[in-house]
Amino acid sequence: GIQVEQSPPDLILQEGANSTLRCNFSDSVNNLQWFHQNPWGQLINLFYIPSGTKQNGRLSATTVATERYSLLYISSSQTTDSGVYFCAVESNNAGNMLTFGGGTRLMVKP
Amino acid sequence: DAEITQSPRHKITETGRQVTLACHQTWNHNNMFWYRQDLGHGLRLIHYSYGVHDTNKGEVSDGYSVSRSNTEDLPLTLESAASSQTSVYFCASSESVSPPYNEQFFGPGTRLTVL
């Protein structure tokens, strides 16, 4: 099956700093989603981005499908950005089944 | 507002007991999914359904079963709970298998402890 690798596994930032999280995948995809799992365990949909670039406030994401990677940018980080960020992909003809990466654990310090 | 709910949110049970976790969505989505998340890891697919009376096994289906009698609900049953099934369980749904309607939306999760 498709392999999904996220980096870095852990990240500590000072409030106000910017960061880039990366997701590499091993096959063509027709779905790529970024999630934020908050400290209470809830999974929040951030982006549905199988290709192209999207922005939502301080967050933006870019997927370069031909090179099999996606990037999540967090600008001017806040303590509420803390948690785990997951990338999940669905390979072509996978019947809408998502494969999750191992996540990036982010801690933003005040 | 349309949503996806799970119940109970927390459950403690004993080894060998049958347990059923509920998942209910009001989006009228065709597809529903059950995942488990173990400490420090990403989510893994247990079972999924593309519509009423359709069910399929995922990556980690042993010891679990599902049934789909209507569009809104996909209950997950642990036939005989084992300590290895202690985990957080997430339900998800999506409208279609075809982009761009294949985005999945997740419920709040159920934390299950098997003693």
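Remember, it's a predicted structure, so these values are computed and weren't measured experimentally. Per chain, numbering begins at 1; letters A, B, ... match sequence-line order.
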Indicate, with yes or no, if [Y] and [X] share a hydrophobic cluster defined by side-chain heavy-atom contacts under 4.5 Å among Ile, Leu, Val, Met, Phe, Trp and Tyr.
{"X": "L46(A)", "Y": "F35(A)", "answer": "no"}
{"X": "L71(A)", "Y": "F47(A)", "answer": "no"}
{"X": "V60(B)", "Y": "V19(B)", "answer": "yes"}
{"X": "L21(B)", "Y": "F33(B)", "answer": "no"}
{"X": "V88(B)", "Y": "F105(B)", "answer": "no"}

Part of F90(B) lying under 4.5 Å from any heavy atom of chain A: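 The side chain, not the backbone.
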Under 4.5 Å from any heavy atom of chain A - which part of L43(B):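 Backbone plus side chain of L43(B), per the 4.5 Å heavy-atom cut-off to chain A.
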Flag if over 12 foreign heavy atoms under 6.0 Å of CG, L115(B):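 Enclosed: over 12 neighbouring heavy atoms sit under 6.0 Å from CG of L115(B).
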Greater than 12 external heavy atoms within 6.0 Å of I12(B)'s CD1: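 No, not enclosed.
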Please tabulate, one pair per line, the N or O donor-acceptor pairs under 3.5 Å between chain A and chain B.
{"residue": "N30(A)", "atom": "O", "partner": "N102(B)", "partner atom": "ND2", "Å": "3.2"}
{"residue": "N31(A)", "atom": "ND2", "partner": "N102(B)", "partner atom": "O", "Å": "3.1"}
{"residue": "Q33(A)", "atom": "OE1", "partner": "Q104(B)", "partner atom": "N", "Å": "2.8"}
{"residue": "Q33(A)", "atom": "NE2", "partner": "Q104(B)", "partner atom": "O", "Å": "3.0"}
{"residue": "Q37(A)", "atom": "OE1", "partner": "Q37(B)", "partner atom": "NE2", "Å": "2.9"}
{"residue": "Q37(A)", "atom": "NE2", "partner": "Q37(B)", "partner atom": "OE1", "Å": "2.9"}
{"residue": "N45(A)", "atom": "ND2", "partner": "E103(B)", "partner atom": "OE2", "Å": "3.2"}
{"residue": "N45(A)", "atom": "ND2", "partner": "Q104(B)", "partner atom": "O", "Å": "2.8"}
{"residue": "Y48(A)", "atom": "OH", "partner": "N102(B)", "partner atom": "OD1", "Å": "2.5"}
{"residue": "E90(A)", "atom": "OE1", "partner": "N102(B)", "partner atom": "ND2", "Å": "3.1"}
{"residue": "G95(A)", "atom": "O", "partner": "Y50(B)", "partner atom": "OH", "Å": "2.5"}
{"residue": "N96(A)", "atom": "O", "partner": "Q104(B)", "partner atom": "NE2", "Å": "2.7"}
{"residue": "N96(A)", "atom": "OD1", "partner": "N31(B)", "partner atom": "ND2", "Å": "3.1"}
{"residue": "N96(A)", "atom": "OD1", "partner": "S94(B)", "partner atom": "OG", "Å": "2.4"}
{"residue": "N96(A)", "atom": "ND2", "partner": "N102(B)", "partner atom": "O", "Å": "3.0"}

